[in-house]
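Note that the structure is predicted; figures quoted are calculated from it, not measured. Atoms within a ligand are numbered from 1 in the order they appear, just like the ligands themselves.
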Amino acid sequence: MKLVALAGGVGGAKMAYGFAQTLPPHQLTIIVNTGDDFEHFGLYICPDLDTVCYTLAGLANPITGWGRANETWQAMQNIKRLGGPDWFKLGDQDLGTHLERTRRLKQGDRLSEITRDFCRAWGIGPTVLPMSDQPVRTIVETDQGDLPFQEYFVQRRCEPRVRGFRFEGLDQASPAPGTQEALEAADAIVICPSNPWVSIDPILHLFGWRSREETPWFGPRRPPIVAVSPLIAGQAVKGPAAKMFAELGIEPSVLAIVDHYRWLLNGIVVDSSDSEIAKQIKIPTLLTDILMQSAADRIRLAREIMEFIESLS
Ligand code: GDP
């Protein structure tokens with residue numbers, strides 16, 4: 001089965017890892033959000049792309065879910081001592097990634113080429129693609145003004161109340177080379193359990209998948225699309241997804257997730273603890289344990305999702 005996974009950072013990376021351990025490398029493409037990318041200290045930082053790559057390479061910090069395992073923080077400690085900004089934590093090994101990526105971008109290489117080379121160096125088999133080679137920037141519209149995503153997420157710890165989102169640069173950006181080919185060849189598309197507003201929507205908007213009427217399909221056949229809920233019992237496993245739904249006046253639940261992607265979905269994967277509310281879902285539903293605490297959880301969930309997809313066709 002050729003599968004394309006749409007992913008953000010932590011939730012997306014865990015799911016992508018499960019598929020990477022289940023499918024042969026050439027059958028898996030992961031398209032990653034770059035709306036969170038930003039420049040800091042003159043370096044080009046791609047938090048979601050790096051989280052996915054570190055996770056697939058077995059280099060990720062298992063406690064935080066982001067950054068590298070066995071990381072050291074000497075550069076950061078020095079920056080702090082010198083009075084520089086220390087709100088965005090950059091470990092020493094992680095800094096090496098950003099330095100090399102920035103050097104390559106400055107010499108004219110594309111983000112998708114750089115990502116391909118990094119994946120090769122890290123021994124990652126599946127194809128990992130940034131959604132675009134051009135910058136797209138997620139802006140969070142809040143009661144305290146418009147905030148670039150990392151300022152909202154890390155510096156302000158998601159405290160401002162959300163009013164909406166916009167993705168700057170979408171009009172000048174196009175899907176990265178390889179994304180369209182992967183989607184056309186896909187037997188299934190999985191929307192990972194990532195934040196719908198800030199991790200998945202930038203990808204969907206970039207592809208032009210914004211409503212039933214607007215969503216183009218470029219292949220002769222449309223593969224089934226299945227989403228995995230990032231919400232369990234109305235709560236996000238991590239991060240502000242539930243808070244965002246609530247602040248936008250939407251009750252956070254799996255019903256909100258189904259509704260969010262309604263024009264795309266052929267199926268939804270929901271936690272067993274949501275079995276009662278899941279009775280209201282009108283599309284095929286897989287009820288299972290969707291909390292991925294261990295590598296074994298990720299692999300089991302990936303296998304179950306693939307069986308679910310097969311049962312749909
Ligand atoms: P970010 O860019 O690092 O915030 O990454 P994502 O958007 O990919 O991940 C955040 C989302 O992943 C949150 O909404 C979490 O609820 C969800 N998430 C994290 N871990 C899990 C998990 O084990 N299972 C499920 N179902 N969702 C998860």
Selected option - heavy-atom contact closest to [atom], from [options]:
| atom | options | answer |
| --- | --- | --- |
| atom 11 (C) of ligand 1 | P193, A241, G239 | P193 |
| atom 2 (O) of ligand 1 | D48, T64, D271 | D48 |
| atom 16 (O) of ligand 1 | P230, G35, C192, S229 | P230 |

Contact check: [X] vs ligand 1, nitrogen or oxygen atoms, below 3.5 angstrom:
| X | result |
| --- | --- |
| M292 | yes |
| A236 | no |
| G11 | yes |
| F153 | no |
| V228 | no |
| L291 | no |

Protein contact to [atom] [nearest heavy atom, distance to 0.1 Å]:
| atom | result |
| --- | --- |
| atom 3 (O) of ligand 1 | V10 N, 3.0 Å |
| atom 6 (P) of ligand 1 | G9 N, 3.4 Å |
| atom 13 (C) of ligand 1 | K238 O, 2.9 Å |
| atom 24 (N) of ligand 1 | I290 O, 2.7 Å |
| atom 8 (O) of ligand 1 | S194 OG, 2.7 Å |

To the nearest 0.5 Å, how far apart are [atom1] in [X] and [atom2] in [Y]?
| X | Y | atom1 | atom2 | value |
| --- | --- | --- | --- | --- |
| L255 | K279 | CG | NZ | 13.0 Å |
| M292 | K14 | CE | NZ | 5.5 Å |
| S273 | L291 | OG | CG | 9.0 Å |

Are more than 12 heavy atoms from other residues, nucleotides or ligands located less than 6.0 Å from atom NZ of K80?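 Check fails, neighbour count at 12 or below.
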Looking at N78, I want to see if its CG is surrounded by more than 12 non-hydrogen atoms of other residues, nucleotides or ligands under 6.0 Å.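 Check passes, neighbour count above 12.
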Provide the number and element of each atom of ligand 1 under 4.0 Å from a heavy atom of [X].
| X | result |
| --- | --- |
| G8 | 8 (O) |
| N195 | 6 (P), 7 (O), 11 (C) |
| S199 | 2 (O), 6 (P), 7 (O) |

By side-chain contact (heavy atoms from CB on, under 4.5 Å), which residues pair with E181, not counting sequence neighbours?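 Listed in chain order: nothing, the list is empty.
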Ring geometry between W197 and F165 (parallel below 30°, tilted from 30 to 60°, perpendicular above 60°):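 Answer is parallel, since the angle falls under 30°.
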Is D36 touching ligand 1 with its side chain, its backbone, both, or neither, if touching means heavy atoms under 4.0 Å apart?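 D36 to ligand 1: side-chain contact only, backbone stays beyond 4.0 Å.
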Using a 4.0 Å heavy-atom cut-off, say whether K14 meets ligand 1 through its side chain, its backbone, both or neither.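 K14 to ligand 1: side-chain contact only, backbone stays beyond 4.0 Å.
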How about I31 and F207: do any of their side-chain heavy atoms sit closer than 4.5 Å?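 Result yes, sub-4.5 Å side-chain heavy-atom pair found.
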H205: side-chain hydrogen bond (donor to acceptor under 3.5 Å, both in side chains) partners, not counting sequence neighbours: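 For H205 there are no side-chain hydrogen bond (donor to acceptor under 3.5 Å, both in side chains) partners, ignoring immediate neighbours.
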Would you call E307 and R303 a salt bridge, using N to O less than 4.0 angstrom?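 Not counted as a salt bridge, because no side-chain N and carboxylate O are separated by less than 4.0 Å.
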Looking only at heavy atoms, what is the nearest atom pair of D86 and M76, with distance?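 Looking at all heavy atoms of both residues, the closest pair is CA-CE, 3.5 Å.
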Are Q134 and S132 close enough that a side-chain donor and a side-chain acceptor fall under 3.5 Å?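 Present: a donor and an acceptor within the cut-off.
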